[in-house]
Amino acid sequence: MAMASTDRVILGSIAFAIFWILAVFPAVPFMPIGRTAGSLLGANLMVIFRVLAPDEAYAAIDLPILGLLFGTMVVSIYLERADMFKYLGKLLAWKSRGPKDLLCRICLIAAISSAFFTNDTSCVILTEFVLKIARQQNLPPHPFLLALASSANIGSSATPIGNPQNLVIAVLSKISFGRFLFGVFPAMLVGVVVNAVLLLCMYWKSLSVQKDVENAEIELVSDEEVDSHRFSPATMSHVNSLHSQEQFSADSMNTSNQNQDNFNENEIKTDANGVFDSCRNSNASMEAANDGSLQMRDKNVTSKGILSVDGCEDQNFTSYEEKHNFSEKWKKWLWKICVYLITIGMLISLLIGLNMSWTAITAALALVVLDFKDARECLEKVSYSLLIFFCGMFITVDGFNRTGIPSAFWDFMEPYAKIDHAGGIAVLAVVILVLSNLASNVPTVLLLGARVGASAATISAASEKKAWLILAWVSTVAGNLSLLGSAANLIVCEQAHRAQPSGYNLSLWTHLRFGVPSTLIVTAIGLTLIRD
């Protein structure tokens with residue numbers, strides 16, 4: 001593609017630069033509007049600067065990718081309601097044999113869950129649970145948080161629905177779900193194992209001593225708190241309730257003591273007067289004896305009847321309540337099973353090659369109908385800001401492509417990045433790795449994807465498929481290089497920092513010290529295992 005006119009190149013580069021700055025640094029002081037607004041601003045500038053016509057901007061939005069992203073988010077929301085991630089979290093602590101076993105479990109569960117429910121979702125759900133288990137066992141949190149973030153990124157590379165860049169690659173390359181899975185799965189599996197081994201080697205000493213020297217003053221988390229963890233925790237006021245109950249008990253004791261004193265005084269007075277009145281009332285009491293006995297008999301009969309009726313009512317109410325609770329419990333379990341079956345059906349449909357976008361949307365709508373109530377509550381949890389971000393990014397990247405700069409860059413690199421020899425694969429991997437950390441992985445895929453695929457297609461059809469899978473593998477694992485390389489990393493960092501009362505600050509240096517060697521080693525090993 002030839003370079004555009006000078007003014008379009010300059011203006012298009014300015015619009016893309018603004019988008020890039022706000023995407024990578026969403027809280028810059030001079031314009032702290034965030035990634036989503038930054039994406040829309042970049043798209044709008046492409047139209048205002050006449051790099052794209054309005055109709056071309058609308059045409060740049062890839063609806064199949066948005067549909068697939070929306071469908072998978074809705075399915076993940078219903079899976080969370082069905083306690084899928086709660087059960088995954090419990091697997092972490094179930095019969096754990098120590099810190100090293102726990103770390104390996106985190107790597108495995110994070111990789112599997114992110115492959116089918118996206119890496120971002122897995123990190124949002126599991127971060128607080130992992131942090132609580134580390135606190136409960138008095139262990140340093142950072143090895144386990146690094147295991148969660150890095151394994152989620154690696155695991156998400158195996159499927160088209162594992163992360164946003166894979167969604168883009170699957171739609172643009174038209175590679176089926178099954179071929180994508182079988183092409184990347186060996187690299188993903190070995191990558192997770194290598195990543196876990198690197199974590200064990202780097203933090204062996206820390207995992208051998210069950211003492212958190214960094215935050216020793218933080219109170220340990222009890223077993224009950226870990227087991228009762230909910231992924232949407234609510235603020236509870238049980239402390240205030242306890243104080244109020246104690247105050248109520250103290251007031252009751254004071255009141256009862258006062259009443260007892262008054263009762264004793266009255267009893268003494270009554271006994272003194274009773275001596276003089278007893279003789280006077282003896283005859284009257286004898287006359288009333290017969291009448292009183294008859295009245296007492298009637299009262300006893302009446303009270304027994306009332307008690308028997310009340311007892312029957314209590315028994316009937318208790319049995320009804322038990323039946324109602326039993327029925328509700330079974331309805332909930334039946335609903336959960338149906339949610340899991342629909343999800344499995346979606347995965348099977350994807351494996352046999354049905355349209356990915358409409359399969360995900362169909363599964364989402366099936367879950368909405370199955371829930372049989374207003375879906376507003378679940379649909380409000382969909383990340384519409386992410387969908388809007390993608391819309392703006394599609395337009396911005398398409399405008400930057402029309403300037404000719406990406407084509408000129410690829411024309412320079414293409415002779416050295418042929419994937420028919422090891423040196424070319426290494427050069428291509430380095431280019432993807434660098435761009436993914438500079439421009440983020442999804443824009444990198446949008447900028448290079450079509451060019452990398454077209455270049456490999458000149459070699460063979462199998463090479464074209466392999467080039468797309470290499471792009472998916474490297475752009476995903478590249479997210480482990482630094483804390484800013486992946487949204488999943490930032491989610492783990494932010495969730496851990498906000499967790500109460502066991503918050504932890506995962507620093508940039510802590511992540512970088514492990515991320516650099518892990519990314520380079522895992523990427524290199526995985527490249528040898530990508531299948532045609």
Side-chain angles (χ1 to χ4, degrees), residues 1-26 28-62 65 164-165 168-169 171-173 388-418 427-458 467-468 471 474-475 478 484-485:
M1 180 179 179
M3 293 289 289
S5 59
T6 304
D7 57 338
R8 293 183 69 182
V9 170
I10 294 174
L11 294 175
S13 299
I14 292 173
F16 184 80
I18 292 174
F19 159 76
W20 177 83
I21 292 172
L22 294 176
V24 179
F25 308 104
V28 289
F30 63 86
M31 195 178 293
I33 61 175
R35 290 188 178 91
T36 302
S39 174
L40 290 177
L41 178 60
N44 194 34
L45 290 176
M46 287 292 182
V47 175
I48 292 175
F49 293 159
R50 297 180 181 271
V51 179
L52 289 174
D55 292 339
E56 293 173 335
Y58 286 124
I61 299 174
D62 200 320
I65 295 175
Q165 62 268 21
V168 176
I169 290 172
V171 173
L172 295 181
S173 65
I388 295 173
F389 172 80
F390 265 75
C391 292
M393 182 177 60
F394 287 140
I395 298 171
T396 305
V397 172
D398 187 63
F400 188 61
N401 276 329
R402 290 174 183 265
T403 63
I405 295 177
S407 296
F409 172 76
W410 180 248
D411 290 342
F412 174 76
M413 295 300 305
E414 184 180 11
Y416 310 101
K418 295 287 186 179
V427 171
L428 178 61
V430 171
V431 171
I432 299 171
L433 190 67
V434 173
L435 286 179
S436 294
N437 280 274
L438 290 179
S440 187
N441 38 30
V442 179
T444 297
V445 167
L446 290 172
L447 289 171
L448 293 182
R451 296 173 178 85
V452 171
S455 175
T458 60
W468 281 107
L471 180 61
V474 179
S475 63
L484 301 175

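Computed from a predicted model, the values in this text were never measured in an experiment. For reference, positions follow the sequence shown, starting with 1.
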Inset, instruction - Using modelled atom types only, decide if a donor and an acceptor are shared between the side chain of Ser475 and the backbone of Asn441 within a distance under 3.5 Å. - result: no
Legend entry - Asp398: partners by salt bridge (charged side-chain N to carboxylate O under 4.0 Å, His left out), with sequence neighbours left out: Arg402
Legend entry - Pairs involving residues 5-16, ordered by first then second residue, that meet side-chain hydrogen bond (donor to acceptor under 3.5 Å, both in side chains) (sequence neighbours left out): Ser5-Asp7
Inset, instruction - Verify whether one side chain among Ser455 and Glu414 offers a donor that lies under 3.5 Å from an acceptor in the other. - result: yes
Legend entry - Nearest non-hydrogen partners of Ala57 and Leu52, listed with the distance: CA-CD1, 4.4 Å
Legend entry - Exam field: side chain Asn437 to backbone Ala478, donor-acceptor pair closer than 3.5 Å: yes
Legend entry - Nearest heavy atoms of Leu11 and Phe49, plus distance in Å: O-CD1, 3.4 Å
Legend entry - From CZ (Phe400) to CD1 (Ile14), nearest 0.5 Å: 12.0 Å
Legend entry - Mutual orientation of the aromatic rings belonging to Phe16 and Phe19 [parallel < 30°, tilted 30-60°, perpendicular > 60°]: tilted
Legend entry - Taking every non-hydrogen atom, the tightest pair across Val445 and Ile169: CG1-CG1, 3.5 Å
Legend entry - From Met393 atom CE to Thr36 atom OG1, the distance as rounded to the nearest 0.5 Å: 10.5 Å
Inset, instruction - Dump the intermediate steps for side chain to side chain contact (heavy atoms under 4.5 Å, CB included) on Ile33 and Leu22, then the final yes or no. - result: CA-CA 8 Å; Ile33 61 175; Leu22 294 176; 3.7 Å; yes
Legend entry - Gap separating the CD1 atom of Ile432 from the CG atom of Leu471, nearest 0.5 angstrom: 4.5 Å
Legend entry - Heavy-atom side-chain proximity of Arg451 to Asn401 below 4.5 angstrom: yes
Inset, instruction - Write down the atom of Ala467, the atom of Val452, and the distance for their closest heavy-atom approach. - result: CB-CG1, 3.7 Å
Legend entry - Validation row: Phe389, Val442 side chains within 4.5 angstrom (heavy atoms): no
Legend entry - Minimal non-hydrogen separation, Thr403 against Val51, with atom names: CG2-CG1, 4.5 Å
Legend entry - Contact summary for Trp468 and Gly453, nearest pair of heavy atoms: NE1-CA, 3.8 Å
Legend entry - Side-chain (Ser436) to main-chain (Leu433) donor-acceptor, under 3.5 angstrom: no
Legend entry - Value rounded to 0.5 Å, distance of CD in Gln165 from OG1 in Thr444: 9.5 Å
Legend entry - side chain to side chain contact (heavy atoms under 4.5 Å, CB included) between Asp62 and Leu172, worked out: CA-CA 10 Å; Asp62 200 320; Leu172 295 181; 4.1 Å; yes
Inset, instruction - Apply the test side chain to side chain contact (heavy atoms under 4.5 Å, CB included) to residues Met31 and Leu41: give CA-CA distance (whole Å), side-chain angles for both, the deciding distance (0.1 Å), then the verdict. - result: CA-CA 11 Å; Met31 195 178 293; Leu41 178 60; 3.7 Å; yes
Legend entry - Stepwise side chain to side chain contact (heavy atoms under 4.5 Å, CB included) test for Met3 and Ile405: CA-CA 7 Å; Met3 293 289 289; Ile405 295 177; 4.1 Å; yes
Legend entry - Any Phe409 side-chain heavy atom under 4.5 Å of Leu447 side chain: no
Legend entry - Separation between CH2 of Trp20 and OG1 of Thr396, rounded to the nearest 0.5 Å: 14.5 Å
